[in-house]
Amino acid sequence: MSRRRGRDDEDNGFAEWGGYMEAKKSKLREQYKETATKQTEKLSDIFAGVAILVNGLTNPSSEELKQLMAAHGGTFHLYQHASTTHIIASNLPNVKINKLGSVPIVKPSWITDSITLNKLLDYRRYLLYTNQSTSQPKLAFPVVPKPDLDPPSKTKTASDPHFLEEFYSNSRLHLIATLGAEFKQFIADLRDKPERNFPGCEKLLLIPQSKNFVKTTPVVMHIDMDCFFVSVGLRTRPELRGLPVAVTHARNPQINASKEREDAVTLNMDRLPQHMEVVDGRSSMSEVASCSYEARKCGVKNGMFLGAAAKLCPNIKTIPYDFEGYKEVSMILYNTLVSYTLDIEAVSCDEMYVDITDILTIFNLSVEGWATHIRNEIMSKTGCPCSTGFGANRLQARLATKKAKPAGSYHLKPEDVEVYMAEIAVADLPGVGRATLQKLKALGLETCGDVQVASLQVLQKELGVKAGETILEQARGLDRKPLNFHHERKSVSAEINYGIRFKSLEECHNFLESLGNEVWSRLNEVKMRARCVTLKLMVRAADAPVETAKFLGHGLCDSLSKSTTTTHPIVDVRAIHREVKNLYEKMNVEFVELRGMGIQLSKLEKTAPVNPTLNRFLQQQSKKSDIPAKPVVADRPTRGRPRKGTKTQPKNSLSNFFKSKKDSLSQSKLQIRKEDVDLEVLKELPQEIRDEVIKEYNLEATVAAGAKPAPPPLKKETAPPARKSPFSGLQWCQLKPVLYKWMSSEPKPSEVDVNMLGEHFRQLAVDRNIEMLKVAMNFLHRTFSSLDCDWHRAYRDIVDLTQQGMVARYGATLHVNRTFPCCQVS
DNA sequence: ATCCTCCCCTAC
DNA sequence: TAAGGTAGGGGAGGAT
């Protein structure tokens, strides 16, 4: 059942997504809020004579920049005009640049830094492209000397209270890890819902059926986007297709190195691992997150430093990260597959295993027919290529994908497995990494053919009992591990090994607290409790130089960890804070030597499943009282350690809630009748929830017999009947994740939500917020097109409401695309 | 024997 | 400058 069914009030389920929006509040956003609350008040005239146009996504957002300009005497243009003096952008595809003429393109930090220092800074230091002509600015600005921002605040280390947020919004590895976990959860959640519908399957009726009758042997598909980050980036940079391209933070393989840096690099040179070898003091140590196949041909690999990559491939082009784009594309990828089957094991944001046995049999398709269909669909929806591999198990499917890449498909048939496997290099087997490869090399084993004839004893002696056994099976193409559609978390952790340079013990403690808060909130997101806390430290190795070669990197380190296990699950963040500080003390490491820290929570237990109605209520309450919501914890056996498989969970958390309430009530008021306690508890609930609870727990009699039915809460009478839209006041960057979440978590859009959203957009039109409407409509169209027809209808309803607002305000409609390819077919 | 803690390794 | 995270499998060796 949809968690939003039944009640049409202000809460409506969107409230529980508040965490998403609150999670990412940048310093600037706070600054903006400050500005927004006193909008009428002008703060300065820094930007007198400046008229900006914002192009593309920026941070702060366009909307925020608009407010900042208003507050500081500048002008904000929605469209480029002769009087536009600057274009503000964070990154622009080259195509657009040509069209922008001679108006300088400046980074948004020009605005924010100017405000910070309360004077107009020279925009030329903030040009987005340094090769841009600066000779013909529309207005001549005096050259302001480089401002004296105090240096420690400029270089962001973990001493900065906003470091975690800043780091996460730039970390590719963090993104990969968190997206992967989200998609595993996404599949698990969909499988938990009783209803299943696969609208995509209709399309399968249109593709040619297999001539032969399709056998029912199991077929596993492995699907993987080709150099994911690059492909997403090339969607808007078609002129770079076919060229060696890398996604990196740095734009240039060479940097203007300081003497200190050159020295640091030289000092560290002899200890750098092999993949860092070809660097000198002037080459960039920004890592290549993803590179195109053209770059791979030159020997460039993911994870390499840009400086090293450019030595191998001098004409390599760099493009910036586009985290929103990766999320969008992977969302479309998953939504596409999910419209055919839920027999999916999510591996990461761009990769999954799918059991397609049923699809092939039911629709009598050949593997090739299906592969072509699904690859085309993904390509046309995302603009990004993918490869597919097919086999009888996950190993075979995966190795098939390797052969299929790039942009291809390969079916490893059972009769070919033996021959095919013999040629595979051991390095290509999943589970064989750097260390294992070295050991195998030492044994003289390079291909699976070599391993096939090796002895189990030798392999096990060298690699361990388990790994030895596995690799012998793998070498023959066997894989007994079935696809895992249901994924249960065993640990939650947060770890930072970058930017750790503490100047005092206090800074170190503060950072530990931030990390603690981070893991705690993630644990709550997955509705779990933990009994074990582990602190992990990276400590400068005794013989490693104090200055690392890589800017704020961890350098050569020793890795240490220590844990404590508690008898009861932790129910308070402060317990985590306490434990990690204790652990840190016991580990006896000077804070100056720290180069990395992490907290892991394990020995997890599920909190009891929560009644959605009650949960909403509790969350509302906790928001009011500003105490973090405490999910109800499952009952535990009273004696002995809980062991695997002995977890007990109450049937319904509501009964748990009642029980705990009763316990606390009867402690304070001894000798109280059960009925009275029930009435007490009921009194706490708002009217609309109370009715539901009374019914669910058969409390009608109690209420009827009770001295008097609990009076409706006062606020019911005093509260104004008009409800405020849950979206009002949200910036687009805040609203967008909410919409994402909505679309990914609901099989069908509910009428209530659609109306509410449409109503919000109608209001936006009335408020003349056309810019946000355009972005929103574009987004909705793009994203809804990858969902099924119910969503298409929802999209049209939202558009209709928006157009009503437009007509009311402007007497004209907004131009929006209303058609979806799939609707034209049907 | 079996469990627990502290590692190491791998994958994306 | 640069953003080297995160989860799971498994093993060595000590504790029980």
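Keep in mind it's a predicted model, so treat the numbers as computed, not measured. Protein chains get the first letters and strands the later ones, always in sequence-line order, with residue 1 at the start of each.
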Just by distance, with hydrogens left out, do A:Ser387 and A:Asp226 show a side-chain donor and acceptor under 3.5 Å apart? yes
When you measure from the side-chain N and O atoms of A:Thr178 to the phosphate of C:dG5, is any distance below 4.0 Å, counting only OP1 and OP2? no
Next item on the list: Ignoring backbone atoms, establish whether A:Arg172 has a side-chain N or O less than 4.0 Å from OP1 or OP2 of C:dG5.
Entry: no
Quiz item: Is the shortest side-chain N to carboxylate O distance from A:Lys439 to A:Glu462 below 4.0 Å?
Solution: no
query = Does OP1 or OP2 of C:dG5 have a side-chain N or O of A:Lys536 closer than 4.0 Å?
reply = no
Separation of C:dG5 atom C1' from A:Asn302 atom CG, nearest Å, is 16 Å
Apply salt bridge (Lys or Arg N to Asp or Glu O under 4.0 Å) to residues A:Glu324 and A:Lys327 and explain how you reach the verdict. CA-CA 5 Å; A:Glu324 287 306 309; A:Lys327 286 186 205 166; 3.4 Å; yes
Residues pairing under side chain to side chain donor-acceptor pair (under 3.5 Å) where one sits in residues 493-502 of chain A, two or more places apart or in two chains, turn out to be A:Glu495-A:Asn497, A:Glu495-A:Lys536
Here the distance between atom P of C:dG8 and atom CD of A:Gln185, to the nearest Å, is 11 Å
CZ (A:Arg172) and CG (A:Leu175) are apart, to the nearest 0.5 Å, by 11.0 Å
Protein-proximity profile, nucleotides 6-12 of chain B, B/S/- by nucleotide at the 4.0 Å heavy-atom cutoff, equals SS-SSSB
**OP:** Please confirm whether the backbone N or O of A:Ala404 pairs with a side-chain atom of A:Thr401, one donor and one acceptor, at under 3.5 Å?
**Re:** no
Separation of C:dG4 atom C1' from A:Phe305 atom CZ, nearest Å, is 8 Å
A:Lys490 NZ to C:dG9 P, in whole Å, measures 4 Å
Is the shortest side-chain N/O distance from A:His174 to OP1 or OP2 of C:dG4 below 4.0 Å?
no
**Q.** Sugar-phosphate only, base, or nothing, as touched by A:Ala494 at under 4.0 Å among non-hydrogen atoms
**A.** sugar-phosphate
Rounded to whole Å, the CE-P distance (A:Met304 to C:dG4) equals 17 Å
Check your understanding: Would you call the rings of A:Tyr326 and A:Phe228 parallel, tilted or perpendicular if under 30° counts as parallel and over 60° as perpendicular?
Key -> tilted
With a 4.0 Å cut-off on heavy atoms, is A:Gln600 in touch with a base, just the backbone sugar-phosphate, or nothing at all? nothing
Once base and sugar-phosphate atoms are separated, protein heavy atoms under 4.0 Å mark nucleotides 11-16 of chain C, 5' to 3', with B, S and - as S-----
Would you check if A:His249 stacks with the base of C:dA3, given a 5.5 Å centroid limit and a 30° plane limit, both strict?
-> no
The residue, A:Ala181 or A:Leu552, whose nearest nucleotide of DNA chain C is more 5′ is A:Leu552
The complete set of side chain to side chain donor-acceptor pair (under 3.5 Å) pairs with one or both residues in residues 547-562 of chain A, sequence neighbours excluded, reads A:Glu287-A:Lys550
Annotated structure of DNA chain B as dot-bracket, pair cut-off 3.5 Å, Watson-Crick or G-U only, | for inter-strand, is ||||||||||||
request  = Ignoring backbone atoms, establish whether A:Ser286 has a side-chain N or O less than 4.0 Å from OP1 or OP2 of C:dT1.
outcome  = no
Between CD of A:Glu287 and P of C:dT1 the distance, given in whole Å, is 16 Å
Quiz item: At under 4.0 Å, does any side-chain N or O of A:Ser284 touch on OP1 or OP2 of C:dT1?
Solution: no
So, OP1 or OP2 of C:dA7: does either fall under 4.0 Å of a side-chain N or O from A:Lys184? no
Subject >> Donor-acceptor under 3.5 Å (A:Lys311 side chain, A:Leu306 main chain) >> reply: no
Under 4.0 Å, heavy atoms only, any strand: does A:Arg282 hit a base, just the sugar-phosphate, or nothing? nothing
- For C:dT6, does either OP1 or OP2 sit under 4.0 Å from a side-chain N or O belonging to A:Tyr168? yes
A:Arg394 meets the salt bridge (Lys or Arg N to Asp or Glu O under 4.0 Å) criterion, sequence neighbours left out, with A:Glu345
Phosphate oxygens OP1/OP2 of C:dA2: is one of them under 4.0 Å from a side-chain N or O of A:Asn170?
no
Of the listed C:dG4, C:dG8, C:dT6, the closest approach to the A:Lys550 side chain comes from C:dG4
5'-most contact on DNA chain C (nearest-nucleotide basis), A:Phe551 vs A:Ser171, goes to A:Phe551
Q.
Within the 4.0 Å heavy-atom criterion, would you say A:Phe167 contacts the bases, only the backbone, or no part of the nucleic acid?
A. sugar-phosphate
Is it true that the side chains of A:Ser602 and A:Lys490 contain a donor and an acceptor less than 3.5 Å apart?
no
In whole angstroms, the gap separating C1' of C:dA3 from NZ of A:Lys156 amounts to 11 Å
- [ ] For the pair A:Glu351 (side chain) and A:Ala346 (backbone), establish whether a donor and an acceptor sit closer than 3.5 Å, ignoring hydrogens and angles.
- [x] no
Point to revise | Ionic contact status for A:Glu585 with A:Lys581, cut-off 4.0 Å | key: no
Here the distance between atom C1' of C:dA3 and atom CG of A:Leu306, to the nearest Å, is 15 Å
Give one of base, sugar-phosphate or nothing for A:Ile496, where a contact means two heavy atoms less than 4.0 Å apart. sugar-phosphate
| message | Please determine whether a side-chain nitrogen of the Lys or Arg among A:Glu605 and A:Arg529 lies less than 4.0 Å from a carboxylate oxygen of the Asp or Glu. | response | no
